[in-house]
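Some notes on the structure that comes next.
Chain letters run A, B, ... following the sequence lines, proteins first and then strands; every chain starts at 1.
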2 protein chains.
Amino acid sequence: MPLPQTEIPGRLQMQLAERGIRMTGPRRAILSVIETATKHLDASQILRKARTVDASVDRSTVYRTLDLLKRQGMIDELDLMHLNGERHYYERKTGHDHIHMACLRCGKITEFVSKTFESLKKQLEGECRFHILVARLEVGGYCSACRR
Amino acid sequence: MPLPQTEIPGRLQMQLAERGIRMTGPRRAILSVIETATKHLDASQILRKARTVDASVDRSTVYRTLDLLKRQGMIDELDLMHLNGERHYYERKTGHDHIHMACLRCGKITEFVSKTFESLKKQLEGECRFHILVARLEVGGYCSACRR
DNA sequence: AATCGTTATGCGACTAAGTCGCAATAAGAA
DNA sequence: TTCTTATTGCGACTTAGTCGCATAACGATT
């Protein structure tokens with residue numbers, strides 16, 4: 001998981017404030033969970049963790065907040081190749097998109113930043129005249145340790 | 001949707017036979033639906049269509065068959081950026097992977113084959129020593145007609 | 001500080017996707 | 001035809017996510 005050390009805690013809160021979006025207790029709890037996460041979390045994990053901060057947080061508030069953050073382009077939604085069922089995972093959007101590689105044997109998730117990926121997106125924007133808002137590249141296979 | 005004219009109907013059946021996998025009525029119905037599809041179908045659409053061929057086909061058989069085909073690397077599973085809820089879509093795997101671009105305004109799905117995408121996969125295989133079995137690149141944004 | 005329009009929340013009931021165990025059935029090799 | 005093994009339909013279940021609604025809380029304004 002990307003957790004750049006340069007990242008200011010409370011950044012998501014600030015970004016929402018800048019956009020004139022109301023801040024609330026449950027929202028703060030959920031944002032802090034996402035900001036301090038060290039691995040990819042799904043909605044129910046986010047709910048559980050948020051409740052340790054604010055016990056009243058409800059499941060639907062988690063979903064609504066995730067929708068808000070997605071719409072604002074502040075988080076990305078991942079499947080991680082459905083390694084563990086159908087749930088979705090979330091992570092903060094950083095400046096540079098990265099590729100997720102999921103090992104189908106050991107379950108390890110590897111992230112990878114690639115210039116080629118950036119060129120590919122430019123190619124799509126140009127050749128297809130498509131305006132990209134989200135790009136998600138997920139790969140499933142065997143990691144270096146698990147391939148033989 | 002890719003429906004190459006060179007494609008032999010019954011190809012999936014043959015591939016399964018080659019691998020010594022048992023052929024059954026329901027399975028045949030489901031395969032034919034997938035083979036003759038002209039757009040991306042989800043599990044319940046596949047079920048509905050398969051039932052016009054063999055009325056007894058059950059939902060769980062559809063899911064089990066889709067799992068089988070996924071495991072055999074004969075179909076790909078797509079989200080299409082969750083344009084219409086959480087369902088998954090399926091398509092036959094062809095020789096060349098392609099990118100799916102989903103327009104978030106009009107819902108159009110555009111497919112794109114790219115050399116750069118192939119290089120990117122090679123890069124992952126090489127630099128990360130990752131053995132790729134599935135690669136899924138989905139893009140959400142605005143298509144040429146909907147961007148302004 | 002008190003007011004007030006608007007937005008967000010918790011609750012609970014609901015939908016829809018997908019899973020699973022099991023007894024019955026059908027494939028296909030012998 | 002027989003027999004083993006894989007597959008099926010059924011039905012009950014789980015789990016992710018949605019929605020309407022009455023209540024609560026934000027935060028701008030006075």
*Relative to the 5' end of DNA chain D, which residue comes earlier, B:D58 or B:E86, by the nucleotide with the nearest heavy atom?*
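Closer to the 5' end of DNA chain D: B:D58.
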
Rounded distance in Å - [atom1] ([X]) to [atom2] ([N]):
| X | N | atom1 | atom2 | result |
| --- | --- | --- | --- | --- |
| A:R64 | D:dC19 | CZ | C1' | 8 Å |
| A:L66 | C:dA8 | CG | P | 15 Å |
| A:D54 | D:dA24 | CG | P | 16 Å |
| B:D79 | C:dA17 | CG | P | 14 Å |
| B:Y89 | C:dG18 | OH | P | 10 Å |
| A:D67 | C:dA8 | CG | C1' | 14 Å |
| A:Q72 | C:dT7 | CD | P | 14 Å |
| A:R87 | C:dT19 | CZ | P | 12 Å |

Polar pair under 3.5 Å, donor/acceptor by atom type, side chain [X], base [N]:
| X | N | value |
| --- | --- | --- |
| B:R22 | D:dT7 | no |
| B:R59 | D:dG11 | no |
| B:R27 | D:dT7 | no |

Taking only side-chain nitrogens and oxygens of [X], does any of them come within less than 4.0 Å of OP1 or OP2 of [N]?
| X | N | value |
| --- | --- | --- |
| A:S60 | D:dT18 | no |
| A:Y63 | D:dG17 | yes |
| A:T24 | D:dA25 | no |

*B:H40 and its side chain to side chain donor-acceptor pair (under 3.5 Å) partner, picked from B:H88, B:E111, B:R87*: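 One option only clears the test, and that one is B:E111.
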
_Audit row: A:H82, A:E138, side chain to side chain donor-acceptor pair (under 3.5 Å) steps and yes/no_ = CA-CA 10 Å; A:H82 299 300; A:E138 297 194 357; over 6 Å; no

*Lys/Arg N to Asp/Glu carboxylate O, B:K121 vs B:D97, below 4.0 Å*: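 So B:K121 pairs with B:D97 through a salt bridge.
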
*asked:* Base, sugar-phosphate or nothing for A:S56? Non-hydrogen atoms, less than 4.0 Å.
replied: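 Sugar-phosphate, no base atom in range.
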
*Please figure out whether B:H88 or A:L68 has its closest DNA chain C nucleotide nearer the 5' end.*
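Here A:L68 is the residue nearer the 5' end.
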
*Proximity to the side chain of B:P26 - top-ranked nucleotide from C:dT9, D:dG9, C:dG18*: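 From the listed options, D:dG9 comes nearest.
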
*Of the candidate nucleotides C:dT19, D:dT7, C:dG5, which contains the atom at the shortest distance from the side chain of B:I21?*
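Of C:dT19, D:dT7, C:dG5, D:dT7 is nearest to the side chain of B:I21.
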
*Can you tell me how far the CD1 atom of A:I30 sits from the CZ atom of A:R64, to the nearest 0.5 Å?*
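Between A:I30 CD1 and A:R64 CZ, I get 10.0 Å after rounding to 0.5 Å.
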
*Check A:L41, A:I34, A:I46 against A:Y90 for a side chain to side chain contact (heavy atoms under 4.5 Å, CB included) and give me the one that passes.*
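The option that passes is A:I46.
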
